[in-house]
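Side chains are part of it too, since the values below use all heavy atoms of this structure and drop only hydrogens, waters and symmetry mates.
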Amino acid sequence: MNPLELARAHPEAPFTVRFDGREIEALPGRTIAAVLWAAGITAWRGTRGGGRPRGVFCGIGVCFDCLVTVDGRPNQRACLAPATPGADIRTQEGTGHDD
């Protein structure tokens with residue numbers, strides 16, 4: 001039997017977000033990190049200085065490796081921030097303040 005039927009779940013319809021200009025399908029209730037992972041994207045931040053790629057490390061909002069810029073606001077933790085319809089998500093370089 002389908003797990004959704006067992007739980008009597010009625011999920012809402014998917015929606016889209018934009019990541020670095022690319023449309024990505026998102027499911028309601030997922031974090032930005034989960035949406036990016038589901039789309040096969042595992043890195044979305046470059047470190048200060050070296051620009052080394054980073055994505056989710058701890059997954060609970062402690063480490064700050066998963067920072068993204070969302071709708072122009074830098075330093076949003078992708079593992080905690082919910083994906084919202086039409087969100088403009090950008091790879092964050094360094095501090096996100098044009099350093």
Within the supplied structure, the quantity of interest is the number of heavy atoms (other residues, nucleotides, ligands) at a distance under 6.0 Å from Glu5 CD; does it exceed 12?
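Result for CD/Glu5: enclosed.
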
Is there a side chain to side chain contact (heavy atoms under 4.5 Å, CB included) between Leu67 and Arg77? Walk through the geometry before answering.
CA-CA 5 Å; Leu67 296 177; Arg77 288 179 259 177; 3.7 Å; yes

CG-CZ distance between Leu36 and Arg30, expressed to the nearest 0.5 angstrom
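It comes to 11.0 Å.
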
To the nearest 0.5 Å, what is the distance between OG1 on Thr84 and CD1 on Ile32?
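That separation rounds to 7.0 Å.
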
Trp44 versus Gln92: any side-chain heavy-atom pair under 4.5 Å?
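With C-beta onward as the side chain, the pair stays apart.
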
Close side-chain approach of Arg22 to Ile41, heavy-atom, < 4.5 Å:
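Counting from C-beta outward, Arg22 and Ile41 do come under 4.5 Å.
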
For a quick test of reading the model, state the closest non-hydrogen atom pair linking [X] to [Y] and the distance between them.
X	Y	value
Glu23	Thr16	OE1-CG2, 4.2 Å
Thr69	Pro74	OG1-CA, 3.6 Å
Gly46	Glu93	CA-OE1, 3.6 Å
Phe15	Leu27	CE2-C, 4.0 Å
Cys79	Gly61	SG-N, 3.2 Å

Consider only side-chain heavy atoms of I, L, V, M, F, W and Y, link residues closer than 4.5 Å, and tell whether Val17 and Val56 are in one cluster.
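Shared cluster, yes.
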
Same cluster or not: are Val70 and Phe19 linked, directly or through other Ile, Leu, Val, Met, Phe, Trp or Tyr residues, by side-chain heavy atoms under 4.5 angstrom apart?
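Yes.
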
Asp20 side chain vs Thr91 backbone, donor-acceptor pair below 3.5 Å
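Side chain of Asp20 to backbone of Thr91, a donor-acceptor pair under 3.5 Å: yes, one is there.
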
Taking side chain to side chain donor-acceptor pair (under 3.5 Å) as the definition, give me every residue that meets it alongside Asp88, ordered by chain and number, with sequence neighbours left out.
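Asp88 satisfies side chain to side chain donor-acceptor pair (under 3.5 Å) with Arg90 only.
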
